[in-house]
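Here's the structure, in structure tokens; my notes come after.
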Number of protein chains: 2
Amino acid sequence: MISVRNTRSDVIHAAGRLFAERGYHGTSMRDLGKELGLLGSSLYSHVESKQDLLVEVVEEGARLFEAVAEQARATPGTARDRLAALVAGHVNVVLDNVNVARTFLNEARMLDAEHRERIVEARDHYEGVFRSVLADGVGDGSFRSDIDPKTSSIYILSVLNALERWYDPAGPLDRDELIGDLTTFLITGIG
Amino acid sequence: MISVRNTRSDVIHAAGRLFAERGYHGTSMRDLGKELGLLGSSLYSHVESKQDLLVEVVEEGARLFEAVAEQARATPGTARDRLAALVAGHVNVVLDNVNVARTFLNEARMLDAEHRERIVEARDHYEGVFRSVLADGVGDGSFRSDIDPKTSSIYILSVLNALERWYDPAGPLDRDELIGDLTTFLITGIG
DNA sequence: CCTACCGATCGGTAGG
DNA sequence: CCTACCGATCGGTAGG
């Protein structure tokens with residue numbers, strides 16, 4: 001009595017899985033059908049096109065990260081507290097939605113021009129939140145006064161986004177240790 | 001009198017360009033032919049298969065990074081000096097070979113099992129050099145004694161590898177400034 | 001490096 | 001969600 005019929009949501013999530021594993025162009029509609037136990041052609045009763053699937057997955061990613069930004073901005077306390085919220089929130093999104101995060105980070109460039117632009121804007125906005133938290137933190141003494149908020153936010157996001165590439169939830173480092181270790185690294189460096 | 005005939009090296013470099021821009025599966029042999037001013041079928045007088053091209057590009061990447069590791073290991077002085085050599089060397093490889101670096105970082109997973117394993121080993125070895133420099137640096141006082149060389153090396157490589165995604169050689173930040181800013185961030189953090 | 005192909009697979013549609 | 005397709009494109013080959 002397992003799974004009688006697939007929903008649109010099932011299709012989108014399976015697409016996220018395959019796009020994350022094999023890439024958008026490495027995934028055929030027939031591959032995706034097989035993953036769901038149906039034919040490639042049957043997918044078109046759930047979505048209009050393959051591109052449509054990529055749009056859905058990538059935009060889900062954008063929404064998840066945007067929610068992190070909003071929640072962090074609403075966090076009371078110092079800029080350092082808000083940065084901690086950004087870091088923890090970002091880690092949680094990546095670890096709880098690896099496939100969506102992977103597709104968002106690696107396959108968004110395969111989007112058609114129109115959708116790609118919207119995602120670039122969303123990404124810029126998200127990075128802007130990091131930047132302004134860092135700038136605030138320079139003002140309130142949370143961070144060093146000689147950092148450049150622009151490059152620093154990119155460095156921080158580089159470390160956070162790369163999690164998708166190496167973090168193993170079954171490995172020795174649990175989520176809280178990861179967040180702690182990461183935060184220490186970002187704030188104190190290795191020196 | 002420009003370019004009469006293409007060499008195997010021309011083909012490989014053009015392949016790197018397209019693999020970097022559109023991904024391995026997003027690039028057809030006919031696309032690549034067009035890039036070089038010939039037909040897709042003509043490429044088979046230079047290479048045996050499309051996979052062959054990916055192997056060549058990715059293995060060139062592996063060699064470039066390996067050379068950085070060797071040179072850094074031979075650098076006299078403290079572990080901090082050797083880390084500086086790794087950082088500068090890695091940055092130079094990425095900035096001087098964006099297409100190769102991109103393909104190495106993003107498309108190696110499209111390799112067939114056999115070649116992929118070799119690349120994973122090469123990558124593990126490279127990361128191991130970072131790890132041992134960090135461990136040495138904990139011993140000689142270059143770095144904090146409470147860092148974990150394993151996660152720290154991953155964080156550092158995360159920042160270095162992400163350069164491919166955002167650094168603009170035509171932007172305001174020149175190479176030396178970048179290396180300096182990056183090094184300060186890695187060693188001192190933002191706090 | 002081209003001509004002239006090959007079988008396989010691609011995204012997608014009509015109609016049920 | 002399936003049957004039965006469609007034209008286009010894919011990686012690749014034989015022979016020059």
Side-chain angles (χ1 to χ4, degrees), chain A residues 1-59 103 107-116, chain B residues 1-59 103 107-116:
Chain A
M1 210 63 64
I2 301 171
S3 83
V4 186
R5 256 183 160 241
N6 292 295
T7 65
R8 180 179 159 93
S9 168
D10 293 336
V11 174
I12 293 169
H13 280 89
R17 213 156 50 229
L18 294 192
F19 292 165
E21 276 170 23
R22 317 175 189 177
Y24 177 70
H25 290 303
T27 304
S28 74
M29 292 301 269
R30 285 161 177 88
D31 289 339
L32 180 54
K34 210 166 285 167
E35 184 83 0
L36 292 160
L38 44 81
L39 295 176
S41 58
S42 301
L43 295 167
Y44 291 91
S45 54
H46 290 106
V47 289
E48 285 194 331
S49 66
K50 188 186 174 188
Q51 179 79 206
D52 195 25
L53 280 167
L54 181 59
V55 169
E56 292 287 358
V57 177
V58 171
E59 292 196 335
T103 303
E107 306 300 321
R109 60 179 175 152
M110 308 307 180
L111 247 20
D112 56 65
E114 185 196 344
H115 289 101
R116 195 173 55 237
Chain B
M1 212 61 64
I2 301 169
S3 86
V4 185
R5 256 184 160 241
N6 291 294
T7 65
R8 180 179 159 91
S9 168
D10 293 335
V11 175
I12 294 168
H13 279 89
R17 215 156 48 228
L18 294 192
F19 292 165
E21 275 170 21
R22 318 174 187 176
Y24 177 69
H25 289 303
T27 303
S28 74
M29 292 301 270
R30 285 163 178 85
D31 289 339
L32 180 54
K34 209 165 290 171
E35 184 84 0
L36 292 160
L38 43 81
L39 296 177
S41 58
S42 301
L43 295 166
Y44 291 90
S45 55
H46 292 105
V47 289
E48 285 195 330
S49 65
K50 188 186 173 186
Q51 180 76 207
D52 194 26
L53 280 168
L54 182 58
V55 169
E56 292 288 358
V57 178
V58 171
E59 292 195 336
T103 302
E107 306 300 321
R109 58 179 176 151
M110 308 307 180
L111 247 20
D112 57 64
E114 184 196 342
H115 290 100
R116 196 172 52 237

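The chains referred to below are lettered A, B, ... by the order of the sequence lines, with proteins before strands, and numbering in each begins at 1. On a predicted model such as this, the values are computed, not experimentally measured, just so you know.
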Exercise. Which is true for A:L38 with a 4.0 Å heavy-atom rule: it touches a base, it touches only sugar-phosphate, or it touches nothing?
Worked result: sugar-phosphate
Seminar exercise, completed: Atom OH of B:Y44 and atom P of C:dT3 are separated, to the nearest Å, by 17 Å
Exercise. Between D:dC1 atom P and A:L36 atom CG, what is the distance in whole Å?
Worked result: 8 Å
For this session: Give B:S49 one of three labels, base, sugar-phosphate or nothing, depending on what nucleic acid heavy atoms sit under 4.0 Å from its own.
Result: sugar-phosphate
For this session: Check the distance between C:dC2's P and B:K34's NZ and give it to me in whole angstrom.
Result: 13 Å
Exercise. Tell me: CD of A:E48 to P of C:dT13, nearest whole Å?
Worked result: 9 Å
For this session: Say whether, by atom type as modelled, one donor and one acceptor occur between the side chain of A:K50 and the main chain of A:H25 under 3.5 angstrom.
Result: no
For this session: Using whole Å, report how far CG of A:L18 lies from P of C:dC10.
Result: 12 Å
Exercise. So, B:D112 side chain and B:H115 main chain: donor-acceptor pair closer than 3.5 Å or not?
Worked result: yes
Seminar exercise, completed: On a heavy-atom basis, the closest approach of B:G16 and B:T103 is O-OG1, 3.4 Å
Exercise. For A:S42 and D:dC2, is the shortest distance between a side-chain N/O and OP1 or OP2 below 4.0 Å?
Worked result: yes
For this session: Considering non-hydrogen atoms only, spot the tightest contact between B:L111 and B:Q51 and give its length.
Result: CA-OE1, 3.2 Å
Exercise. Going by atom types alone, do A:D10 and A:T7 pair a side-chain donor with an acceptor below 3.5 Å?
Worked result: yes
Exercise. Taking atom P of D:dT3 as reference, at what distance in whole Å does atom CG of A:L43 sit?
Worked result: 14 Å
Exercise. Which part of the nucleic acid does A:H25 contact within heavy-atom distance under 4.0 Å: base, sugar-phosphate only, or nothing?
Worked result: nothing
For this session: Grab the stems for DNA chain D, please: at least three consecutive Watson-Crick or wobble pairs, both distances below 3.5 Å, written as range with range.
Result: C:1-16 with D:1-16
Exercise. Considering all heavy atoms of both residues, which atom of B:L18 and which atom of B:E35 are nearest to each other, and what is their separation?
Worked result: CD2-OE1, 3.8 Å
Problem set entry | Atom-pair distance (CG on B:L39; P on D:dG16), nearest Å | 19 Å
For this session: Measure the spacing between NE2 of B:H46 and CZ of B:R5 and express it to the nearest 0.5 Å.
Result: 6.5 Å
For this session: In whole angstrom, give the distance that lies between atom NZ of B:K50 and atom P of C:dT9.
Result: 15 Å
Exercise. So what does A:S28 hit on the nucleic acid, given a heavy-atom distance under 4.0 Å: a base, only sugar-phosphate, or nothing?
Worked result: sugar-phosphate
Exercise. Pick the nucleotide of DNA chain D nearest each of A:R30 and A:H46; which residue has the one closer to the 5' end?
Worked result: A:H46
